[in-house]
Every structure is written in C-alpha cells, then in structure tokens.
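Chain A is the first sequence line, chain B the second, and so forth, proteins listed ahead of strands; every chain is numbered from 1.
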2 protein chains.
Amino acid sequence: MYRGPRRGHAWWQGRFRGCGYRLTLPRQAVLDVLSRTSKHLSAEEIYLEVRKINPGSGLSTVYRTLELLVQMGLVFKFDFGDGRARYELIRNTRDKNHHHHHLICINCNRVIDYSEFIREEEELLSKTEKELSNKYDFKIKKHIVQFYGLCGECRKELED
Amino acid sequence: MYRGPRRGHAWWQGRFRGCGYRLTLPRQAVLDVLSRTSKHLSAEEIYLEVRKINPGSGLSTVYRTLELLVQMGLVFKFDFGDGRARYELIRNTRDKNHHHHHLICINCNRVIDYSEFIREEEELLSKTEKELSNKYDFKIKKHIVQFYGLCGECRKELED
DNA sequence: ATTGAGATTGAGAATCATTATCAATAAGGA
DNA sequence: TCCTTATTGATAATGATTCTCAATCTCAAT
C-alpha cells in the first residue's frame, strides 16, 4: 500500500519547503526527539536530547525551532503550571480537532493524556463557544481544559 | 437587619485571627484593592494601587500577601497566558463551587467572566472527574477551563 | 511598663525560563 | 562565482517571581 511521500522525514521536509523554510539538521533533531517520545518535554529537556543527536545545536535554536513548529501547526505548546512550557508533536493529521486533554499531577508533574469524554467535552465546549461568541461578540480561537490533582503514587507517598 | 460581624473588614480580620495571622496595613491594602475592582489585576498592578492607599508597602509584601490569600482560600490565582499571574477576590462565600470561567482576548488581554453553561460544564466536568479518577487512579483537585480568542474591538481593529 | 519570641516588613539580590542581539556561516538562485 | 537571505550558536538582556536579611512590629507573659 503506497502511503505517499510520508516516509521518514520526507513529509516534514515537504511541509517546510512549502512554507519557504529549510529542514536543517538542528531542526531535524528537534523533530526527531519529539517524534520519539510520548512525554511532554520542556525546551530544556528537548535541548538535552537534541545534543545527543546533534551536539552542535544551541538552546536558542531549539527555542526558535519550537516556536516555528508551533506556528506551523506541527507542535502543541502547553503550560502545565510548573513555570516552563511543554511541547508535543501533533501526530494524526487527519482528525486535528480530536485532541486529547491532560491530567497533571501537582506533586510530581506527571502528565496523563486522556480521551474519555472528549466527545462530550467537545460537544459542550462547541455549544458553549457558539453561545458565548454571540453574547459577548467574542471570536473563540482555542480552549484549554485541564485537570490538576495527585497521581496514585504521589497520593500514597503523601498519605504517610 | 443585622448582618453579623461582616461590616467593613471585620470579617477578614476574623479569618486572619483564626489562622493565626495578623491583618496588617499592607495586607489590608491588598484586600482593599482587590475588593474594589472586578478586573483581574496582576501583582504589579495591585502593587501600584496599593501604594495609593499605603505608600510604604513594598512589592515583596504584595506578593507574599497574595500567596497568603490564595492559600487561605480568599483569592483565586489565574494564569491567562500572558506571563504574569492574575488575582481575583472570591466574593460569595456561600456557593464556593459555583465559580465562573473566562474568555481571554489574545490581542488586548481583556478578560470576560461568564457563567453561561457553567452548570452543564460543572456537570460534565464532575462526571469526567469521577471517571478519570477511577480509571487513572488520579485524585482531581481542581480544573481549568478557559477560552482564548478575539474580543469585538480587537476583531474590528485587526480586520483592517 | 519591659521583655522576648515570633510574625511581618521593605529593599535589594538572586533565580530562571524565555527572548533579543549579533557576528559568523550556510544555502540557493542569478 | 557572487549576492541575497536564512539560519545558527554564544551570549547578554528581560521580566516576573522568589529569596535573603536586617529592621520593625505585636502581643502575651512577666
């Protein structure tokens, strides 16, 4: 089954060329790191991984690349309230709108992705968005839904 | 009609005493500022207002007081994504759980409070919370729901 | 009143993630 | 090859928040 040009990095390459950008080694490295993990890494963490692939990469470039990727719609940027941004590669191009949400442990900063009730959530959110847009003359671009709490391990740990 | 000891600042005074804290002038000033506005002020903004009431107050103390108030459950602390925290006095002690949510303009940072669909939202959220708590062994403490977009004025402004 | 322990304060230094600066380098087209 | 532009890495700058610390205040016990 032919899958088009989406083998290896050819796909990203195309995306970049289409926007007039170059898919350079430092940028490649950032994409590699993001594509190999399911965690929500910070810029610093990405930088440390990137240096294993391309030791010449600088932190500035990692920041610049992440900004670019977010702006290109390839990466999500999250704020989980611990003072540093977190980044996540957007994997499924098809159902872009079907994004997941997060449970964030306020003790160990672990992040759990979930998609339960996402349909109901999205339904309610879009209904709310429609209503609020009218009432307040406000054009909603995106929403944030996050749950904060304690993961199992931290609960045990703190119950002592 | 007698309203109990909630005249002036006597109420806060009680709250403070009860916790073993003192309701000093610099703290009073922060509470005054917060109680007089419906905006979502930043620490710096609060500081500037506080100095009109009590010119001796320092920025550190404002930060410390805000932290204290949040910890005492008298004030909400929000992050609207513009790099500074925002604070809001919790006014109605009765229905603590009936908190509102926010529309945030990504252009001018205006914040609109809304309570439409809050009931439905809370219903869905609590249902989701229950389910997720079980499935992921995760004790949810709080949630965040925020809408980002463009307010009417900014939309006009940017359509040029 | 006096005292002493502890709470509170303001000024300034320190922190830390992120951005801005800038000269050097690489790449692609004419 | 030459030239314009994109990209880079090192470093400095930024800016909100937190930390430090000596000075001041409060209040209960003497």
Side-chain angles (χ1 to χ4, degrees), chain A residues 9 12-33 40-72 75-87 109, chain B residues 9 12-33 40-72 75-87 109:
Chain A
H9 296 136
W12 294 331
Q13 184 85 41
R15 249 331 247 276
F16 271 76
R17 296 312 260 271
C19 297
Y21 303 128
R22 295 183 207 145
L23 187 43
T24 61
L25 218 58
R27 286 171 177 174
Q28 188 82 246
V30 170
L31 278 164
D32 281 354
V33 167
H40 305 76
L41 300 177
S42 67
E44 182 81 26
E45 289 167 339
I46 293 167
Y47 170 66
L48 292 176
E49 288 302 311
V50 156
R51 302 218 40 153
K52 296 180 187 168
I53 299 173
N54 183 41
S57 282
L59 182 56
S60 306
T61 301
V62 169
Y63 271 106
R64 277 187 295 236
T65 302
L66 288 170
E67 190 190 355
L68 189 65
L69 293 173
V70 168
Q71 181 230 305
M72 288 174 69
V75 163
F76 280 137
K77 180 179 184 178
F78 292 109
D79 174 6
F80 293 148
D82 64 341
R84 65 193 62 190
R86 306 265 166 190
Y87 300 88
N109 293 324
Chain B
H9 296 136
W12 295 331
Q13 184 85 39
R15 246 334 243 271
F16 271 76
R17 297 312 260 273
C19 295
Y21 303 129
R22 295 184 206 144
L23 187 44
T24 61
L25 217 60
R27 287 172 176 172
Q28 188 81 247
V30 170
L31 278 165
D32 281 354
V33 168
H40 304 75
L41 300 178
S42 67
E44 182 82 25
E45 289 166 339
I46 292 167
Y47 170 65
L48 292 176
E49 287 304 311
V50 156
R51 302 221 34 155
K52 295 180 188 167
I53 299 174
N54 183 40
S57 283
L59 182 55
S60 308
T61 300
V62 170
Y63 271 105
R64 277 187 295 235
T65 301
L66 289 170
E67 189 191 355
L68 188 66
L69 293 173
V70 169
Q71 180 231 305
M72 287 174 69
V75 163
F76 280 137
K77 179 179 184 177
F78 293 109
D79 174 7
F80 294 149
D82 64 340
R84 67 192 62 190
R86 305 265 164 192
Y87 301 86
N109 293 323

A.B. asks: For DNA chain D, whose closest nucleotide is more 5', that of B:Arg17 or that of B:Glu44?
C.D. replies: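 Looking at DNA chain D, the more 5' nearest nucleotide goes with B:Glu44.
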A.B. asks: Find the distance B:Leu59:CG to D:dG15:P and express it as a whole number of Å.
C.D. replies: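 To the nearest whole Å, that distance equals 15 Å.
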A.B. asks: For D:dT8 and A:Ser57 - does any side-chain N or O of the residue sit under 4.0 Å from the phosphate oxygens OP1/OP2?
C.D. replies: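 Result: no.
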A.B. asks: Just N and O in the side chain of A:Tyr63: are any of them under 4.0 Å from OP1 or OP2 of C:dT19?
C.D. replies: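 No, no such contact exists.
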A.B. asks: Name the nucleic acid region contacted by A:Arg86, choosing base, sugar-phosphate or nothing; use a 4.0 angstrom heavy-atom cut-off, strictly under.
C.D. replies: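 Counting heavy atoms under 4.0 Å across all strands, no contact is made by A:Arg86.
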A.B. asks: Is any side-chain N of the basic residue among A:Lys77 and A:Glu67 closer than 4.0 Å to the acidic one's carboxylate O?
C.D. replies: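 Judged by the 4.0 Å cut-off on N to carboxylate O distance, A:Lys77 and A:Glu67 do not form a salt bridge.
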A.B. asks: Side-chain N or O of B:Arg22 versus OP1/OP2 of D:dC27: is the shortest distance under 4.0 Å?
C.D. replies: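 No, outside the criterion.
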A.B. asks: Please tell me which of B:Gly20 and B:Arg51 maps to the more 5' nucleotide of DNA chain C, matching each residue to the nucleotide holding its nearest heavy atom.
C.D. replies: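 Result of the comparison: B:Gly20.
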A.B. asks: Counting just side-chain N and O atoms, does B:Arg64 come under 4.0 Å of either OP1 or OP2 of D:dT20?
C.D. replies: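 Negative; the distance criterion is not met.
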A.B. asks: Would you say that A:Thr65 contacts A:Ile46 through its side chain, given a criterion of any heavy-atom pair below 4.5 Å between the two side chains?
C.D. replies: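 In short, these two side chains do not touch, never coming nearer than 4.5 Å.
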A.B. asks: In whole angstrom, what separates B:Leu41's CG from D:dT17's C1'?
C.D. replies: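 To the nearest whole Å, that distance equals 17 Å.
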A.B. asks: Take the protein atom CD of A:Glu67 and the nucleotide atom P of C:dT18, then report the distance between them rounded to whole Å.
C.D. replies: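 That distance rounds to 12 Å.
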A.B. asks: Could you tell me whether a side-chain N or O of B:Arg15 sits under 3.5 Å from a main-chain N or O of B:Met72, the two making a donor and an acceptor?
C.D. replies: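 Here the side-chain-to-backbone pair exists.
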A.B. asks: When we call it a touch if two heavy atoms are under 4.0 Å apart, what does B:Arg84 touch: a base, just sugar-phosphate, or nothing?
C.D. replies: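 Sugar-phosphate contact only - B:Arg84 comes under 4.0 Å of backbone atoms but never of a base.
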A.B. asks: Which whole-number value in Å describes the distance from B:Asn54 CG to C:dT8 C1'?
C.D. replies: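 It is 13 Å, rounded to the nearest whole Å.
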A.B. asks: Taking only the side-chain nitrogens and oxygens of B:Thr61, find out if one of them lies under 4.0 Å from OP1 or OP2 of C:dT8.
C.D. replies: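 For C:dT8, neither OP1 nor OP2 has a side-chain N or O of B:Thr61 closer than 4.0 Å.
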A.B. asks: Parallel, tilted or perpendicular: which one describes the rings of B:Phe80 and B:Phe78, with boundaries at 30° and 60°?
C.D. replies: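 The rings of B:Phe80 and B:Phe78 lie parallel, inter-plane angle below 30°.
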A.B. asks: Which part of the nucleic acid, if any, lies within contact of A:Ser60, taking any heavy atom under 4.0 Å across all strands shown: a base, the sugar-phosphate backbone alone, or nothing?
C.D. replies: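 Answer is base: heavy atoms of A:Ser60 come under 4.0 Å of a base.
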A.B. asks: Give the rounded distance in Å between these two atoms: NZ of A:Lys77 and C1' of C:dT19.
C.D. replies: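 Taking atom C1' of C:dT19 as the reference, NZ of A:Lys77 is at 11 Å.
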A.B. asks: A:Gln13 CD to C:dA27 C1': how many Å, rounded?
C.D. replies: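 Interatomic distance, CD of A:Gln13 to C1' of C:dA27: 13 Å.
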A.B. asks: If I take atom CG in residue B:Leu25 and atom P in nucleotide D:dT26, what distance separates them, rounded to the nearest angstrom?
C.D. replies: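 Result: 10 Å.
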A.B. asks: Would you compute the distance between atom CZ of A:Arg84 and atom CG of A:Asn109 and round it to the nearest 0.5 angstrom?
C.D. replies: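 Going from the CZ atom of A:Arg84 to the CG atom of A:Asn109 covers 8.0 Å.
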